[in-house]
Amino acid sequence: MQEKYNFAEIEKKWQKIWAQRNAFRVTEDPDKEKYYVLEMFPYPSGKLHMGHVRNYSIGDVIARFKTMNGYNVLHPMGWDGFGLPAENAAIKHNVAPAEWTWSNIHDMQDQLKELGLSYDWEREVATCHPEYYRWMQWIFIQFFNKGLAYKKDSQVNWCPSCQTVLANEQVVEGCCERCGTPVGKKDLSQWYFKITDYADRLLDNMDKLPGWPEKVKTMQRNWIGKSHGALATFDVEGTEDKLTVFTTRIDTIYGTTFMVLAPEYPDVLRWVEGTEYEKPVKEYIDRCAHMSEIERTATTNEKTGVFIGKNAVNPFTHKPMPIYISDYVLMGYGTGAVMGVPAHDQRDFDFAKKFGLEIVPVIDPQDPDVDVNNLTEACAAEGVVINSGEFNGMNNRDAIQKIAEVAKERGIGEPTITYRLRDWLISRQRYWGTPIPMIWCEECGWVPEKEENLPVMLPTDVEFTGKGESPIVTSKTFVDTVCPVCGRPAKREVDTMDTFLDSSWYELRYCDARNTEKVFDKEKVDYWMNVDQYIGGVEHAIMHLMYARFFQMALHDLGLVKDEEPFQNLLTQGMVLKGYTDSDGNYVSAKMSKSLGNVVSPAEIIEKYGADTARLFILFAAPPERELDWSDEGVEGSFRFLNRVYRLVREFIDSFDHPAEEWTIAGEADRKLNYALNYTIKKVTDDVSDRFNFNTAISSVMELVNEMYRYKTGGINEGLYAHAVRTLVVLLTPFVPHVAEEMWEGLGGEGYAYEQAWPAYDPDALVKDTVEIMVQINGKNKAKIDIPGDATREDMLAIAAEHETIRGLTDGKTVVKTIAVPGRLINIVVKG
RNA sequence: GCCGGAGUGGCGGAACUGGCAGACGCACGGGACUUAAAAUCCCGCGCUCCUUACCGAGCGUACCGGUUCGAUCCCGGUCUCCGGCACCA
């Protein structure tokens, strides 16, 4: 062990030894309880940032802690290798996406290794490697064969800048998630996954995930957006056609005074054909079609629309009512048609006001503040049904049930459920992704490539112009092929898969990463899955986490995996922030970003203080799920602490010749040290295993170190002190593994620090002879008394009663009540 | 607007089941060591008041109220901030 804490040499030394020993390789072991800890794998941008360091430090503490507690721990790492930046680099710098990506992967591997993370590198996966995407394609084909993948012509979100289709999830406030350009529309034939088939399971299974943050579950529930309601069918006057609406408020159907359809509603053009309404309706539809998502949502309250010249007949009142089209009705939700109930829906109210339509109240909330016959805004409150024929006088909640039933009896409607969730659009007009292994044959239609021909390799003879469709169409070798069914000439699909597919099953591939025969061995997956602890940023709360759950369920239904849920427990770590001075001169905290100039790079911290300090600070500064304020002074503090520990150990080694860990408690100082030691073991164990409160675990180790510094100024009990020093090093191992190894070696410990058993505490050491008790009078602290640890309530009160201060405060007064909580406090309630 | 989460010293945060509010760290102040500085070690550090000092008193966990012997914690209401969704019928 070196004289000084030379972190650079120490860290290099131990990283090399761990690598040589293959220290973190694991295999299935039926005799050991398994533990699978997984951190979200990174996109190989080339540079590690502090968010990564936080994510992987948290995972590493858990992995090492569980290993030391006897678990067979799977802790893998890999690369989410496909994605747009590689393609942009190809366009900008004329470098092949593969070359750019692999070079980044190698750079980031080095950076990860500098952090001393306990990965089993033999299981590393990269989604852009043919041995990975081969099985991605295989899974796609299984989904296709099961009817989960289908192709559909549809209007899709189109980013004019990225020249690509975006999923709804990738459109943020009407703009492209990546480049911020307002999103437009485009008609394309696209592959979809039927995730909507799993809507109910995705929803219901969340009740079986108590180890997930409520926040994430709520976000997913909202995204799925299950809504109970009813369908109601209206006749369209002067035609044989019918119009079906979805409503959650069938109780208000008598209040319907108009109908509104989405501009894209398919029958509209037919209805207006050859009439005076054809021109204005077509113009309106055209205007909507050319509006970007952002323009459509910008005019949030101002309603627009056009009458289409037809009336619908209310199936209950038999009254005719005008049909409009308006962009506030969305084709993608419900039936694309709504019944306009202005009295009880604000949007309908706004629309009715704008077009001078009738407002008929049908629910009376029986609130003196609300005059239903003279509404100034829609009244959504519950109440009694009025103006509704046979249903008058009912409570509106009951009417929701009853009217749906009656509608069903009369064949004019039925109760139903709708979801906000749409099917998953997976086609991307991009190069750097997994080729969709499908072939178009004029005779046979869409057929999958033969499994023995997988992978369908990404062609390398492509041009990157940044324009138009997928660059793959420029390949001279890729497109033309033969039909796997009939052998006639056929063409390959040129679109690639959304990269979210790649990351929807990587946790399974880690279980059997090198398998060249199968996607993975079921027995191996059954042994390791599901993931006991998944860790990553909350930005993946909806998309990644829901897609991965969908995959797991679909693979379960294919008989490939045992569990229906991939991630048993989820920890969403907070962002790393740093203070900066804004344009108004205020010092504020914000997410690290280049534009704000408040970025701290992991490399510079490792260079200056070492990986152990970086890990320690990041774990100590805040609980993992909360935001973390970066503080340069705080890093200094963590570095100081490691030096303080190092000096303590160094001094011990220099002063004693490897004393045996045998001792008898010789006095008060020994007893105190032994108490502190065992208390710390218990505290760190509880904090790390139950709550992942690494910050308080570390603070308790700091307290132990403070106690040891106090202890060594008195007479040192060699055996006890040796035990304390060694235990201290073991306790620190999961947090600061390099310096812990160095100290462990210096102490002459057997084997390596990382393979030590986690210490157990001695409950007897935690029993105190006397405890300090607070004595309160009327809830106010008045005195502290020492009482025997095993004192009963009566003993406690007797001792307190004799205390001078207490006597002085209670004499001459009536004791109304006394409360005594053993080990904590006494409260004496007095009067007079 | 709807749905989540949070609000504690100068700062990051602690208080685990309703029981001594402010652990630990940072910053700051003082002392020791040193020719000096750095480093290190030790001490102090919520606010207000009383006091030469010791000792002590009052207030204090966003705000108002409630339950309780006792509330940072439970209940009702208000405010602010953060995150997500948002014309979803």
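If you take CG of A:Leu330 and P of B:rA86, they are 11 Å apart, rounded to a whole angstrom. Rounded to whole Å, atom P of B:rA27 lies 11 Å from atom CG of A:Asp632. Residue A:Glu703 contributes atom CD, which lies 13 Å from atom P of B:rG22 at whole-angstrom precision. One atom, CG of A:Leu642, and another, P of B:rG25, lie 13 Å apart when rounded to the nearest Å. Taking atom CD1 of A:Ile224 as the reference point, atom C1' of B:rC3 lies 15 Å away to the nearest angstrom. Atom CD1 of A:Ile618 and atom C1' of B:rG25 are 16 Å apart (whole Å). If you measure from atom NE2 of A:His540 to atom C1' of B:rG84, you get 15 Å, rounded to the nearest angstrom. Computed from coordinates, the A:Asn778 CG to B:rG19 P distance equals 20 Å when rounded to whole Å.
Figure legend. B:rC63 is base-paired to B:rG77; pairs are counted as Watson-Crick or G-U wobble with both atom distances under 3.5 Å. Across every strand in view, B:rC26 sits in a pair with B:rG10 that passes the Watson-Crick or G-U test at under 3.5 angstrom. Both distances falling under 3.5 Å, in either a Watson-Crick or a G-U wobble arrangement, occur for no nucleotide opposite B:rC33. In this structure, B:rA21 makes no Watson-Crick or G-U wobble pair, since no nucleotide meets both defining distances under 3.5 angstrom. Within the shown strands, B:rG1 is the pairing partner of B:rC85 under the Watson-Crick or G-U definition, both distances less than 3.5 Å. With both pairing distances under 3.5 Å, B:rU72 is matched to nothing as a Watson-Crick or G-U wobble pair. Judged by Watson-Crick or G-U wobble contacts below 3.5 Å, the nucleotide B:rC49 has B:rG56 as its partner.
In this structure, A:Lys817 reaches the B:rC69 phosphate: one of its side-chain N or O atoms is under 4.0 Å from OP1 or OP2. Dashed line: the shortest gap from a side-chain N or O of A:Arg640 to OP1 or OP2 of B:rA38 is not under 4.0 Å. Applying the 4.0 Å criterion to OP1 and OP2 of B:rC85, one finds that A:Arg221 has every side-chain N and O outside that range. Contact check, A:Arg647 against B:rC41: a side-chain N or O comes under 4.0 Å of OP1 or OP2. Residue A:Asn222 has no polar side-chain atom (N or O) positioned under 4.0 Å from OP1 or OP2 of B:rG4. Using a 4.0 Å cut-off, some side-chain N or O of A:Asn781 falls inside it from OP1 or OP2 of B:rA21. Put simply, A:Arg691 has no side-chain N or O that comes within less than 4.0 Å of OP1 or OP2 on B:rA14. Close to B:rG56, at under 4.0 Å from its OP1 or OP2, lies no side-chain N or O of A:Lys782. Proximity of A:Arg824 to the phosphate of B:rC69: no side-chain N or O atom is located under 4.0 Å from OP1 or OP2.
Within 4.0 Å (heavy atoms only), A:Pro623 reaches sugar-phosphate atoms of the nucleic acid but no base atom. The residue A:Thr218 sits close only to the backbone: its heavy atoms come under 4.0 Å of sugar-phosphate atoms, none of a base. A:Val821 comes within contact range of at least one nucleobase, with a heavy-atom separation under 4.0 Å. Within the 4.0 angstrom heavy-atom criterion, only backbone atoms of the sugar-phosphate kind lie near A:Asn706; the bases stay farther away. Backbone-only contact: A:Glu627 has heavy atoms under 4.0 Å from sugar-phosphate atoms and none from a base. Among the protein residues, A:Gly637 comes within range of the sugar-phosphate backbone only, with heavy atoms under 4.0 Å from sugar or phosphate atoms but none that close to a base.
The listed nucleotides are B:rG12, B:rC41, B:rA89; the one nearest the side chain of A:Tyr709 is B:rC41. In the set B:rC69, B:rG13, B:rA89, B:rC69 carries the atom at the smallest distance from any side-chain atom of A:Ile819. Picking from B:rG84, B:rG19, B:rC24 the nucleotide with the shortest atom distance to the side chain of A:Met219 gives B:rG84. Of all nucleotides listed (B:rG12, B:rC87, B:rA23), B:rG12 comes nearest to the side chain of A:Asp629. Distance from the side chain of A:Arg626 is smallest to B:rG13 among B:rG13, B:rC69, B:rA89. The nucleotide whose nearest atom lies closest to any side-chain atom of A:Thr696 is, among B:rA14, B:rG70, B:rC87, B:rA14. Of the listed nucleotides (B:rC69, B:rC20, B:rG13), B:rG13 has the atom at the smallest distance from the side chain of A:Asn695.
Both A:Gly332 and A:Lys683 sit near RNA chain B, but only A:Lys683 has its closest nucleotide nearer the 5' end. The 5' end of RNA chain B is approached more closely, in terms of each residue's nearest nucleotide, by A:Asp686 than by the other of A:Arg420 and A:Asp686.
Across A:Val684, A:Val688, A:Asn693, A:Leu616, a single residue satisfies side chain to side chain contact (heavy atoms under 4.5 Å, CB included) together with A:Ile698, and that is A:Leu616.
Cation-pi check for A:Arg420 over A:Tyr333 is not met; the charged atom does not lie both under 6.0 angstrom from the ring centroid and within 45 degrees of its normal. Annotation: cation-pi geometry not satisfied between A:Lys712 and A:Tyr721 (NZ/CZ under 6.0 angstrom from ring centroid, within 45° of ring axis).
Rounded to a whole angstrom, the distance from the C1' atom of B:rG12 to that of B:rG4 is 24 Å. Going from the P atom of B:rG60 to that of B:rG10 covers 16 Å, rounded to whole Å.
Ring centroids of A:Phe617 and A:Trp630 are separated by less than 6.0 Å, placing the two rings close together. Centroid-to-centroid, the aromatic rings of A:Phe258 and A:Phe355 stay 6.0 Å apart or farther.
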**OP:** List the steps, then state whether side-chain hydrogen bond (donor to acceptor under 3.5 Å, both in side chains) holds for A:Thr304 with A:Tyr328.
**Re:** CA-CA 8 Å; A:Thr304 61; A:Tyr328 83 91; over 6 Å; no

**OP:** Using the side-chain hydrogen bond (donor to acceptor under 3.5 Å, both in side chains) rule, take A:Asn314 and A:Tyr254 through it: C-alpha gap first, then chi angles, then the decisive distance, then the call.
**Re:** CA-CA 8 Å; A:Asn314 189 318; A:Tyr254 282 79; over 6 Å; no

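B:rG9 takes the syn form, because its glycosidic angle lies no more than 90° either side of 0.
Taken from CD1 in A:Ile826 to CE in A:Met774, the straight-line distance is 11.0 Å, to the nearest 0.5 Å.
For A:Gln2 and A:Arg650, the side-chain atoms include no donor-acceptor pair closer than 3.5 Å.
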